[in-house]
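One structure is given here, and the rest of the page talks about it.
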Amino acid sequence: MYDGANWAKETIVKIEKKMKEVVKRSCHKIPYTTTDGIHDDWTEKNICWWTNGFWGGMMWQMYHLTGDESYRKAAIEVEEKLDANLLNHGGMDHDSGFKWLPTSGANYRITGSKEAYNRTLLAADNLAGRINLAGGFIRAWNDADDGSKAGWAIIDCMMNIPLLYWASEQTKDPRYEQIAKLHAKTVMENFIRQDGSVHHIVEFHPVTGEFITAHGGQGIEQGSSWTRGQAWAIYGFVLSNIHTKDAVYLETAGKVADYFMKNVRENGAVPVDFKQPESCPWEDSTAAAIAACGMLEMARLMGDEGKKYYDAALKLLHFLVENRCNWAKETDHIVEKCTAAYHDKEHEFSIIYGDYFLIEAMLKLTGQELFIW
Ligand code: GLY
């Protein structure tokens, strides 16, 4: 097995060299993907889009690593732009953790800014308000006020509830944590299958809270295993353990991580759905980077018992860094072959959260990460 920390140091040097150039070209943008290797301006399309926190998160991680002011300025710009989302009720959904933990939350952790604290707490209040008490779940997406998605919960939300843990830790008001734990319990009981795989979407009756059905969501179909959803579950449950110290969350993360490890391709590549046909070559590198982050945290928490998760994370990251990363200074993205959803028309392109989680994973390996979740 590789010497993780030393190998990661070499990769971090490559990240630093590349990001120094990229930040000069990407100012005033909230990138989502690249066209011909250069970042598109996603902000103009939709300021409420769920991925709009990741560029800011990359900037804070790079600022934390290097102290270079250009990263801090770029991060603050994103945070300020996101105020348009905070004031748009229809644009507020369960993804507040993804948007405000890597931006205002990270800012507050580093600088103690009162404005950043205010933004993060407002986002937490909105997320807490999405709890459905009959079903014990946080509502995921909005609809056209026809209630058609009022009963929908999705696995990704396990990454958003750390915003609620953060709010309880800051305010000493237990309500936020109570809501997060209620949601996590519902997910453990309704999303995790016998073999450790997870549903993407579960639909509950919004009035009675009864389980109605599961949907395949961004994976192939009902009962399939969308890999990014598996990765959100691993990292999300580990984070619930970190914030609450409840062992049941770490056990749950372990169950999903064991399933993930059993199904990764021999060479370390991660498909879009573990149940996609052998003949389908599509990959999702984001799932690999996210799962690796979760497994590295598991290894840290579990000591010797967690060695298998450390090794599995290194295998995933080694494959990404050697085969799926673009280190050319002329291109803006790092991670390639990312896929948003199996049934989308396009597959295997650059997506900003692939870069974010790759950077976070590398910094975890060397102990230089700014913990934002
Ligand atoms: N949270 C949406 C996704 O992972 O695509």
Side-chain angles (χ1 to χ4, degrees), residues 30-33 42 45-57 82 85 91-103 123 127 130 137-143 149 152-163 183-184 187 191 197-203 214-221 224-239 256 260 270-274 276 282-294 333 335 337-358 360-361 372-373:
I30 306 183
Y32 171 70
T33 186
W42 186 253
K45 291 179 187 160
N46 180 2
I47 189 60
C48 303
W49 189 240
W50 77 275
T51 64
N52 278 347
F54 291 109
W55 173 249
L82 284 179
N85 186 173
M92 295 296 287
D93 57 21
H94 79 126
D95 283 323
S96 291
F98 283 128
K99 289 186 251 182
W100 281 281
L101 284 173
T103 54
L127 182 60
R130 296 184 75 82
F137 64 88
I138 290 174
R139 175 182 175 163
W141 297 313
N142 300 328
D143 51 41
K149 293 209 169 65
W152 285 36
I154 71 173
I155 193 65
D156 323 25
C157 192
M158 287 305 299
M159 288 296 292
N160 287 316
I161 61 173
L163 178 60
H183 178 81
V187 173
F191 281 67
S197 64
V198 299
H199 298 298
H200 181 197
I201 300 170
V202 171
E203 183 176 352
H215 298 278
Q218 285 160 253
I220 299 187
E221 60 194 2
S224 74
S225 301
W226 176 48
T227 55
R228 195 163 59 256
Q230 317 302 301
W232 292 141
I234 296 168
Y235 200 6
F237 276 106
V238 181
L239 291 169
V256 186
F260 197 99
V270 175
V272 181
D273 191 309
F274 282 131
Q276 75 194 36
W282 297 332
E283 291 176 22
D284 180 16
S285 300
T286 72
I290 297 158
C293 284
H333 64 263
V335 180
K337 294 204 179 219
C338 307
T339 297
Y342 188 85
H343 291 291
D344 281 357
K345 279 200 192 110
E346 287 178 43
H347 303 89
E348 302 191 320
F349 50 101
S350 72
I351 310 184
I352 196 71
Y353 47 89
D355 290 4
Y356 175 80
F357 284 103
L358 189 272
E360 187 185 292
I372 63 160
W373 303 107

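No hydrogens, no waters, no symmetry mates; every other heavy atom, side chains included, goes into these values. Numbering of residues begins at 1 and proceeds along the displayed sequence. Start at 1 and go down the list; that is how both ligands and their atoms are numbered. What you see is a predicted model; the values in this text were computed from it and never measured.
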message: With a 3.5 Å distance limit and no angle check, can you tell me whether Glu348 reaches the backbone of Thr339 through a side-chain donor-acceptor pair?
response: no
query: Side chain of Gln218, backbone of Ala340: donor and acceptor closer than 3.5 Å?
result: yes
message: Are any of the N/O atoms on Trp50, whether in the backbone or the side chain, positioned under 3.5 angstrom from an N/O atom of ligand 1?
response: no
query: N/O of Asp95 under 3.5 Å from N/O of ligand 1, yes or no?
result: no
field: Trp141, portion touching ligand 1 at heavy-atom distance under 4.0 Å
entry: neither
Should you measure from each heavy atom of [X], which atoms of ligand 1 turn up under 4.0 Å away?
| X | value |
| --- | --- |
| Arg228 | 3 (C), 4 (O), 5 (O) |
| Trp226 | 3 (C), 4 (O), 5 (O) |
| Gln218 | 3 (C), 5 (O) |

- request: Report the distance from atom OG of Ser224 to atom CG of Asp273, rounding to the nearest 0.5 Å.
  value: 3.5 Å
query: CD1 of Ile351 to CZ of Phe54: how many Å apart, nearest 0.5 Å?
result: 10.5 Å
Distance-only side-chain donor-acceptor flag, His200 / Asp156, under 3.5 Å: yes
query: atom 2 (C) of ligand 1: which protein heavy atom is closest, and how many Å away?
result: Asp156 OD2, 3.0 Å
field: Centroid-centroid under 6.0 Å between Trp232 and Phe98 rings
entry: yes
